[in-house]
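These numbers come from the heavy atoms of this one structure, side chains and all, not from hydrogens, waters or symmetry mates. In each ligand, atom 1 is the first atom listed, and ligand 1 is the first ligand listed.
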Amino acid sequence: MEGVGEEEMEGVDHLAHERNKSEFDVDAMKIVWAGSPHAFDVSDRISKLVASDPGFRKDNRSTLSRKELFKNTLRKAAYAWKTIVDLRLSEEEAAKLRFYVDEPAFTDLHWGMFIPAIKGQGTEEQQQKWLPLAYKMQIIGCYAQTELGHGSNVQGLETTATFDSQTDEFIIHSPTLTSSKWWPGGLGKVATHAIAYARLIVGGREHGVHGFIVQLRSLEDHSPLLGITVGDIGMKFGNGAYNTMDNGVLQFDHVRIPRNQMLMRVSQVTCEGKYKQSDVPRQLVYGTMVYVRQTIVADASCALSRAVCIATRYSAVRRQFGSQNGGPETQVIDYKTQQSRLFPLLASAYAFRFIGEWLKWLYADVTQRLQANDFSTLPEAHACTAGLKSLTTTATADGIEECRKLCGGHGYLCSSGLPELFAVYVPACTYEGDNTVLLLQVARFLMKTVSQLGSRLSSKKPVGTIAYMTRVEHLMQCRCGVQRGFAELSADLVEAAVAHCQLIVVSKFIEKLQQEIPGKGVKQQLEVLCNIYALFLLHKHQGDFLSTGCITPKHAALANDELRSLYSQVRPNAIALVDAFNYTDHYLGSILGCYDGNVYPKLYEAAWKDPLNESVVPDGYHLYIRPLLKQEIRTARL
Ligand SMILES: CCCCCCC/C=C/C(=O)SCCNC(=O)CCNC(=O)[C@H](O)C(C)(C)COP(=O)(O)OP(=O)(O)OC[C@H]1O[C@@H](n2cnc3c(N)ncnc32)[C@H](O)[C@@H]1OP(=O)(O)O
Ligand SMILES: Cc1cc2nc3c(=O)[nH]c(=O)nc-3n(C[C@H](O)[C@H](O)[C@H](O)COP(=O)(O)OP(=O)(O)OC[C@H]3O[C@@H](n4cnc5c(N)ncnc54)[C@H](O)[C@@H]3O)c2cc1C
């Protein structure tokens, strides 16, 4: 372009000066972020494969109608599956490919809930029958639990499954409007089968909610089967965004399924109509939700790190005020207010990464124990997955919005990638368990263990968390000390639950740093981020900490001084710390966050691609504007 200065030329790394400031081995940090050299290799290879394939382009999503958007999603899902089959990708590579395609779609629920539900709640025989079909995508499944009238209260679900011993079948029925299944992803237009949750009735007796495999659509022509009424529930928050997903509504009208399609690992119904409860906790019926909640924590670190990468790179590019004698203006990343808003989010992204790793280990451990009928850690696993899902999704949703604001006006452009990232992410605070409802589960767990809390915590937590530990105990004792019911104190108990989850995140970050972490300066950077995370929360909740008496106002002031010092230590490494996420520009989907920092020419070029600029004079001018103007001229003449 005419008059393009050096600073706006393509192919120049406009952030090179920032990258040269780095005080640690970025490639080593990339391995830490990925989790292992193998994980990094898979992520790096697959993200580049997706970024380089025009079949996975996503820059036009905001200009498509709902039907065009949905059809494009189906195309991409089919193309992704063809790529997986043609390239013979492993399960791990295939999951990474779906992740980097970065589009909510029915496949999320097929792979992320339908299959895990059969694996977790199906008998060996049921797994052998249904999993091969699902793995080959010869059936497409969804997880149909929530209803129009009930979501949080699973035991309030109204759909019924009545055993007919004459025909050895269950009759699945929606007795009321509010029993209509409502929200399940993939249900609206695609899924051929559902794991449907219904109240089991045998011989006139109710046995609570159980899961059933129900076919919804013909495998020949995709038409709904007899007794099945199914459709999409309509547009959701934000243009594009989660509207690539067909969240559906489903009504059963006395649909008959074979008895062996009740998921029977946890409890069984015999052909004689006898209900048998295995000697396992009935809550294993909820096992899929526990599994997904721990994956959602890992997803939180991905979503937050994407937003932080965009905001950090743009904060280094953007200059505003502060020019001395005609020199360059100040990079906004150098303002202390920008740092105090941005760097805690950078630290949180790393903190959530490591807590996600730990939670994955905890889930694998509890799953292994369940196989040996050891249910001893199930309550803690439930409380941890519920609480950490709540904590990390709330912080991530708020963090993405803060990153939008950190980018000023340009953060509000779709081309920044932040509005869509926010719109796609925020339902994570609701799905897989409303965050408050889940914190109440944690509060209930704490109430039951508060007496052992001291020994439990002091024996298990690193010294650096004493203040955090004391805060939880204090908050619980303040609430449990008074003789009022759980409901009355629930708002306060939820605060204690948050404090408990923050303690877990801080302590696991500290434990991570006690591991061998290779690479020049890598551990030092992580120690800085860990201290920022811990001290930022201490500053934010200093009222709690001061009231416990375990810190004094002087401690609080020193902590704040230390935070400022830590921000100064992060500053030269900020760009390298977000480069370590190793996101491609395709995956980031953000002009503000592009790797080379060449933002302004890209913003300007993108504007002209908007359909509204296809004509200089807008449609509607002659019909509406011109008569208006003419009328104004007539008025002026008066
Ligand atoms: C990768 C995929 C992409 C994701 C895309 C998003 C897709 C979204 C999908 C969905 O949203 S699926 C639907 C999600 N729905 C929910 O999460 C519902 C939330 N509600 C519940 O989980 C339960 O209703 C409840 C709130 C836990 C209450 O359950 P219930 O009334 O049965 O039990 P309580 O009386 O509260 O507790 C009894 C006892 O059981 C323990 N417990 C409860 N849940 C679990 C569990 N999941 N695992 C283990 N134990 C559990 C609870 O602690 C109580 O124990 P005690 O105190 O009695 O010892
Ligand atoms: C994008 C998206 C995708 C979804 N995908 C699926 C899916 O694939 N399959 C599926 O089965 N479901 C799905 N859901 C449904 C989801 O699981 C539920 O919406 C979620 O569990 C919340 O339940 P609810 O809607 O009944 O909320 P409600 O419980 O009605 O929440 C409303 C308010 O009531 C409060 N509240 C409720 N109970 C209590 C209590 N005991 N004490 C205090 N406060 C309380 C909540 O905190 C909240 O503030 C999806 C939802 C969304 C938004």
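Of all atoms in ligand 1, numbered sequentially from 1 with element shown, those under 4.0 Å from a heavy atom of Val154 are 18 (C), 20 (N), 21 (C), 23 (C), 24 (O). Listed by atom number, the atoms of ligand 1 under 4.0 Å from Gly433 heavy atoms are 16 (C), 17 (O). Proximity to Tyr431 (heavy-atom distance under 4.0 Å) selects the following atoms of ligand 1: 6 (C), 8 (C), 11 (O). Here is the list of ligand 1 atoms found below 4.0 Å of a heavy atom in Leu109: 7 (C). Ligand 1 places these atoms under 4.0 Å from at least one heavy atom of Met113: 9 (C), 12 (S). Within ligand 1, counting atoms from 1 as listed, the ones closer than 4.0 Å to a heavy atom of Gln145 are 13 (C), 14 (C), 15 (N), 16 (C), 18 (C). Annotation for ligand 1: atoms under 4.0 Å from non-hydrogen atoms of Val437 are 26 (C).
Near ligand 2, residues Leu109, Tyr143, Gln145, Thr146, Gly151, Ser152, Trp183, Pro184, Gly185, Tyr242, Asn247, Pro427, Thr430, Tyr431, Glu432, Gly433, Asp434, Thr436, Val437, Leu440 come within 4.0 angstrom through at least one heavy atom.
Counting non-hydrogen atoms of neighbouring residues, nucleotides and ligands closer than 6.0 angstrom, the CZ atom of Phe486 exceeds 12 such neighbours. By the 6.0 Å contact criterion, NZ on Lys236 is enclosed, its count of non-hydrogen atoms from other residues, nucleotides or ligands being greater than 12.
Within the structure, the closest approach of Gly151 to ligand 1 falls below 4.0 Å when heavy atoms are considered. Contact analysis puts Ser152 in contact with ligand 1, with a non-hydrogen atom separation below 4.0 angstrom. The closest approach between a heavy atom of Thr288 and any atom of ligand 1 is not below 4.0 Å.
In terms of polar-atom proximity, Gln441 is counted as a contact of ligand 1, with an N or O under 3.5 Å from an N or O of the ligand. At under 3.5 Å, not a single nitrogen or oxygen of Ile296, backbone or side chain, sits near a nitrogen or oxygen of ligand 1. Annotation: Lys448 places an N or O atom under 3.5 Å from an N or O atom of ligand 1; distance criterion only. Checking only distances, Arg444 does come within under 3.5 Å of ligand 1, N or O to N or O.
Looking only at protein heavy atoms, the nearest one to atom 17 (O) of ligand 1 is Arg293 NH2, 2.8 Å. When only non-hydrogen protein atoms are considered, atom 16 (C) of ligand 1 lies nearest to Met289 SD, 3.2 Å. For atom 2 (C) of ligand 1, the closest non-hydrogen atom on the protein side is Asp108 O, 3.9 Å. The single protein non-hydrogen atom nearest to atom 40 (O) of ligand 1 is Gln283 NE2, 2.9 Å, given as residue, atom name and distance. For atom 33 (O) of ligand 1, the closest heavy atom belonging to the protein is Arg282 NH2, 3.9 Å. Nearest protein heavy-atom contact of atom 8 (C) of ligand 1 is Glu432 OE1, 3.5 Å.
Counted by atom type alone, Asn582 and Ser47 present zero donor-acceptor pairs between their side chains at under 3.5 Å. Judged by distance alone, the side chains of Glu147 and Thr178 never bring a donor and an acceptor atom under 3.5 Å apart. Side-chain contact check for Ser267 and His207: no donor-acceptor pair (N or O, by modelled atom type) lies under 3.5 Å.
Nearest to atom 30 (P) of ligand 1 by heavy-atom distance, out of Phe375, Tyr286, Phe99, Tyr197, is Tyr286.
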Determine all donor-acceptor pairs shorter than 3.5 Å in which one atom belongs to a side chain in residues 136-144; sequence neighbours excluded.
unit_1	atom_1	unit_2	atom_2	d
Tyr143	OH	Gln145	OE1	2.7

Report, one line per pair, each donor and acceptor closer than 3.5 Å where one atom sits in a side chain of residues 292-300; sequence neighbours left out.
unit_1	atom_1	unit_2	atom_2	d
Arg293	NE	Glu432	O	2.8
Gln294	NE2	Tyr291	O	3.3
Thr295	OG1	Val292	O	2.6

Would Glu93 and Arg45 count as a salt bridge (charged side-chain N to carboxylate O under 4.0 Å, His left out) here? Give the steps.
CA-CA 9 Å; Glu93 291 167 328; Arg45 218 163 12 88; 3.0 Å; yes
Ser152 vs Asp434, side chain to side chain donor-acceptor pair (under 3.5 Å): CA-CA, chis, key distance, verdict
CA-CA 7 Å; Ser152 291; Asp434 165 83; 5.3 Å; no
Check against side chain to side chain donor-acceptor pair (under 3.5 Å), Glu380 and Thr377
CA-CA 5 Å; Glu380 183 175 7; Thr377 60; over 6 Å; no
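Heavy atoms of Tyr143 found under 4.0 angstrom from ligand 1 belong exclusively to the side chain.
Under a cutoff of 6.0 Å and an axis angle of 45°, Lys96 and Phe99 form a cation-pi pair.
Shortest non-hydrogen contact noted between Tyr135 and Glu91 is CE2-OE1, 4.2 Å. The two residues Pro104 and Val424 have their closest heavy-atom pair at CG-CG1, 3.7 Å. Across Gly188 and Arg217, no two heavy atoms sit closer than the pair O-NH2, 2.7 Å.
Partners of Ser348 under the side chain to side chain donor-acceptor pair (under 3.5 Å) rule, at least two apart in sequence or in another chain, do not exist in this structure.
Side-chain rings of Phe581 and Tyr350 approach one another, their centers coming within less than 6.0 Å.
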